[in-house]
Amino acid sequence: MKITEKMKFEFPPTLAVALRMQANQKTRGKLLAGGTDLMVQWASGVTPPNRIISIWGLPELNLIEISRSEVLIGAGVTHARMARSPELKRHLPALTAAAATVGATQIQTRGTLGGNAANASPAGDTAPALLVTGGWAVLASLAGVREVPLTEFWTGYRQIAARPDEIILAFRLPKKNKARERFRKIGARQAQAISKVMCASRMLMDDGRIVSAAIAVGSVAPTPIRLSAVEEYLAGKKLTNPVIAKAEALARAVEPISDIRSTADYRRWATGRLVRDALEALKTKSRST
Amino acid sequence: MSNPTANFKQVNHSVTKVDARQLALGKPSYVDDFRPPNALVVKMLWSPHAHARIVSMDVSEAEKMPGVKAVLWHGNVPRIPHATAGQGFPEPSPYDTFMFDTKVRFVGDRVAAVAAETEEQALAALECIKVEYEKLQPVFTIDEAMAEGAPIIHDEPDAYVPIPIPYEPQKNLVARVGAEVGDFEKGMKEADFTFDDTYETPYAQHCPIEPYVSLAQLDSAGRIVITTSTQVPFHCRRIVAQILDVPVQKIRVIKPRIGGGFGSKQEVLLEDVVAMFALRTGRPCIWRFTREENFRTGRTRHPIRVRIRLGAKKDGTITAIGMDCWNNTGAYGGHGLTVVSCCGSKVLPLYRCENIHFLGKVYYTNLPCGGAYRGFGATQAFFAFESSMDKMAEALGMDPVRFRQMNHIRSGEGSPIFAALGEGKEGVPMTVGSNALAECIVRGAEEIGWSNRTDWREKTGRYRRGMGMACLMQGSSIPHIDMGGASIKINEDGSFNLLVGATDLGTGSDTVLAQIAAEELCTTTDKMIVYSSDTDMTPFDVGAYASSTTYLSGEAVRKAAADAKRQILHTGAEMLGLAEKDVLCKDAHVQTPDGKQKVSYGDIACYALYQKNQYQIIGTASHVTGKSPPPFAAHYTEIEVDTWTGNIKVLRYVSTIDCGTAINPALCEGQTEGGTLNGISYALTEEYLFNENGRMMNANFTDYHIFSMRDAPRIKAIIVPSYEDTGPFGAKSVSEICINGPAPAIANAIYNATGARLYEFPFTPEKVLNAIRAVQA
C-alpha cells in the first residue's frame, strides 16, 4: 500500500478530542485501531479514505477492569495483551484462546479487540467468543455513552450498530463463572489464516444437565452468529449421545457460502462437528478451551 | 575401503557462508539495492483475458502522460520467436514467445509496458493505453486442450521448436516423449496383482522472498549492463541478445546476491523489457514484480496428471511399471518437455523392473505458465508412484518398507531408463555408483519408530495417527549437456580470486565452491575471494538448475584449483631449489614431506609476480559430466488426522539423505529441512484457485498459504554419507530431492491413519474429510 498525499492521518491525544472529531462531519474520519485489517484492505485495492483517525494507544481505551461478575475490556486492548493475561484466561478463556489465534505475533501485538469487532468481518476471530458471553459493547459519543448487546452489535455483512459519531469504548462481558468455555478454529494453517469455520461456546452444566448453552460460530453467515436453535434445544438436556447427535444436526442448518477459503458443504459439516466437539469436551473432566 | 572423508580439512565441514556477514549487516547486496537515483520505473499492462486477440491498440495518450519516457508494445519492438526458459542452446523448448504479441494467452500475459520517472506515473500511463480485444474461447484443462476441434492457443505461423522433437501446436501439443523397455503388457499379464490409478498434482509458486527484479543501464561505451535476479546469467545474456536482435558482445549480465529462486528464476521474464527500455531511453530502468505479478505471471510448478500402472508377483517382484503423464504447461511451453521427461527419468530407475512403459505428453492451456521448480517433474511423479507402491505393498501383504527394500536399485546397477530418457534427446547409459538408500531406509525407520506402526483398521476415535514413507531419487546435473567453468588466481598474500560462472541464489554455492577450491589447494576457505556469475568477468556456467552446482561446477572448481596447485608446486620447488616430485602442498605452503624446508603461498605469489620467471599463477578448467548420479532419500512422517474436521497435523518428519559427501553439512541440512518444509506446504495447503475466466483468485500471501514457522513440524534431517567417485570430493546433489517426499509420505500416512487414499493434493480438510466419509460410508 502506498500512503498518498491525499491521505491525512490524525492522532488525537485523548478520547475527548477523538470524540469531538467524530462528532463533526467535516472532521470525522475512518477510525484506525491498529490497522491490521484496514492496511490489508487498502493494499489489496480498496481505496483508502482521505481522513484517518488513529485511536490506537489511547489510554482511555486500554483498561481492563475486573469486577465481581463482569470484565470490562477497553476496545484498544491488543490481542497480545489479552492472550497473555492470566486473569482474562480464567474468566473469559474462549476470548483469550481466540485472541491467541489472530493472525501472527505482529498482528496480535498491533491489532485490538475493538478494531476486530468494528471491522465486522464474518471471520473476525474474537467475535464468536464475545457473542457467547452475552455481554455488551459500550459505545461513546459526545451525546453520551450507550450499551448495545453484542447479539445486536453485528447488524449485517461488515456492518455494526455504532453510529458514525460513536467510538467503541469497551466491552462489558459477564464472567463465565462455573460455565465451561471452548474455542476452536479451522483454518488452512496455524498462523495468518482466515478461518474456514470457527466456534466458541459457553455452557453451564449442573448435575449432568445443561443449564444454559451459548454457541456462536464465525465464517458461516454474513455476520458472526449465535446458534439459537441449538442452544434452545440443549437447555435442560442431559448430555446423551442422541442429544449430541441432534445438536450436531441442528447446527448444520447454517447457510454458509462457498468461497476461496472453503465450500458451503464443508462449512455446514464442520459447524456440526465443532458443536459436537464442544459438547464432547463437556463430558470429559479435562479443562476447557 | 578407507574413508576418504576422514582427512578433509575444508570440505565436509560447516564453515560460515562467505556472504553471511554482508547479508546480516544489510549491506547493499540485492538488485534493488543498486537502483541508481535516476532509474526509470517499468510497469506492465497485463492481459485481463485468458485468450484474446488484440484487435487494436493506441498508446499515444500514454506516451504523453507526465513522466513517461517510453512505451513498448507489439507495434514498436522486433517480433522474434524465442523461449523464455533458460536452458542449454538450442533449447528443448518451443520458440513460442514474443516480446509483445497481437494475441494474449493467459490472464497476466504481456500487453504493453511503460517506463516513467516514478511508479505512480507509470501506473497512471498504463490506464491510458486503449486496447480492443476480441475474446477467444479459452482452454482451461488438459482434456479441453486435447479435445478434437479445441481452440488453438498458438496459431501464429512463426512459432517453432529449435531441436527435432514433436511439436504440434495445432493440436495444442507442446511435446511428447516416451520410452519402452521390455514388454510392458506381458509384465502386467505375469503379475499376480495389478493397479491402475490416476493422480493429479496442483499448480504452485516458488514464493522466493525476493520477487523477480531486473535493472538495465548503458555503460559509458554504450553496452547494456543488466543486473538481475537470475539463476541463469549466461542464458539470460544469450536470450536477451536474441530477443533484442543485438550481439551478445553488447550485453553484460551481473547476478548480485539473490533472495531465492527454487527454479522460478531459470527464466528470462523481465530482462528483455528493461534492456529495451534502457536502449530506447538511455536511462537506467528497473522493473520489480509485485507479489501478485509473481503469482500470476511468474513461473509455476506444472500441474501434471499421472497414471500409474503397476504389476507385481506374490513374492514382491515388480513385473511391470507403466507411467503416463499429461503435463499442463500453461500458455507457453518452456520446460514442458524436460519436466515431463524427468517424471520418468528421475523416478522410474528407482526400482528394478524389466518391463517399463513411459509416455509423457505436454499441452498448452490458457492458464499460468509452468516452469522449472525444485523437483522438476519428479515431485509430481513421485507422489503418484510412491502412492501406488504403498497400495501394492498392502495387496502383497508386505510392509511398505520391506517391499521397497526388496526392489530398490543397488550400487553397480543400471536402469534402461537412464539411456532412454534425456533432455530432448536420448539419455546417457549409467550405472549407479554411490548409493546409501538401504541405510537411509533403515535409519529413517528407526528414527520414526516404524516398528510401532499399526494397520488403519485397528484405529478408532476422533484423532487417528498414521505413519507413511516414501523413497526418492533425483539427479546431479544433466550429463553431456551442462557445462561449468572456473578459474582461480593467486594474490601476493596467498589469497585467491575464485571466478565461477556458477550462480549462488542464496543456496550457499559460493561457499561450497570456495571450500572445494581450498581443499584442493591445501589452504583455508577464508583465503578465497569468490566472484560469481558476471558474464564479462567469470567463465561460463549453465547456471543454477538441475541439481548441478556442487557436482558439476564443483568439479570444474576442483580441476581449476588442481591446475593452479601444479603451478604453485612448480614455483615453490623452484624457490626451494628442489624437484617438484620432492615437495608437496600443505597448510598453504609448499614444503618437503618432513616440513623442514618450506615456502608460503604468499611468498610464492610474490616471487611469481615480481621476482623471477614471472607469470600469473592461474588455473582454469571446465567440466562436463558423463553421469548424473542420483542422490537418494527415504522420508518418513507421522501425522495425526482429525477425522471430524479432516485437519491434518504433521507431528514428525524424518528426511534421510544420501548426497555423497556433504561438502557443507549445515547447508545440506538446511537444504533438506527447507525442501521438506517446502514440500509439506505444497502437500497440505498450496494451490492456485481460478475463477471461471482463468484468473487466479488468491494471488497474495493472505489467500495462498505457505507454511509459516508456527506450522513447521519437527523435521529431522539425517545425512547418510556415501562417496560418489565422479563428484568433487565424493559429492553429489542435495537441493531438489527433498521436496519430492512429503506429498507421497503424507498421502501414505493418511491412508495408514484412516484407510482413505487421496489421489490429489493439497490435502485440505475438505478433501480429507470427503475421503474419510467415503471410507466410513
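Since we're looking at a predicted model, the values are computed, not measured. Just so it is clear: chains get the letters A, B, ... in the order the sequence lines come, proteins before strands, and each one is counted from 1.
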What is the distance from atom [atom1] of [X] to atom [atom2] of [Y], rounded to the nearest 0.5 Å?
X	Y	atom1	atom2	value
B:Leu689	A:Asp259	CG	CG	10.0 Å
B:Asn770	A:Thr263	CG	OG1	7.5 Å
B:Arg710	A:Thr105	CZ	OG1	5.5 Å
B:Asp642	A:Arg184	CG	CZ	9.5 Å
A:Ile194	B:His705	CD1	NE2	6.5 Å

Legend entry - Part of A:Arg276 lying under 4.5 Å from any heavy atom of chain B: both
Legend entry - Contact class of A:Ala270 relative to chain B, heavy atoms under 4.5 angstrom: neither
Does [X], at its [atom1] atom, have more than 12 non-hydrogen atoms belonging to other residues, nucleotides or ligands within less than 6.0 Å?
X	atom1	value
B:Lys716	NZ	no
B:Lys767	NZ	yes
B:Arg464	CZ	yes
B:Glu127	CD	no
B:Lys459	NZ	yes

Let me know if [X] has heavy atoms under 4.5 Å from chain A in its side chain, its backbone, both or neither.
X	result
B:Ile706	both
B:Asp711	both
B:Thr645	both

Closest non-hydrogen atom pair between [X] and [Y], with its separation:
X	Y	answer
B:Asp703	A:Arg261	OD1-NH1, 3.1 Å
B:Trp644	A:Trp269	O-NE1, 3.2 Å
B:Met697	A:Ile260	CE-CG2, 3.5 Å

Inset, instruction - Take B:Arg462 and A:Asp277 through the test side chain to side chain contact (heavy atoms under 4.5 Å, CB included) and record every step on the way to the result. - result: CA-CA 10 Å; B:Arg462 173 178 172 180; A:Asp277 166 82; 2.5 Å; yes
Inset, instruction - Considering only NZ, NE, NH1 and NH2 on the basic side and carboxylate oxygens on the acidic side, decide whether B:Glu766 and A:Lys196 come within less than 4.0 Å. - result: yes
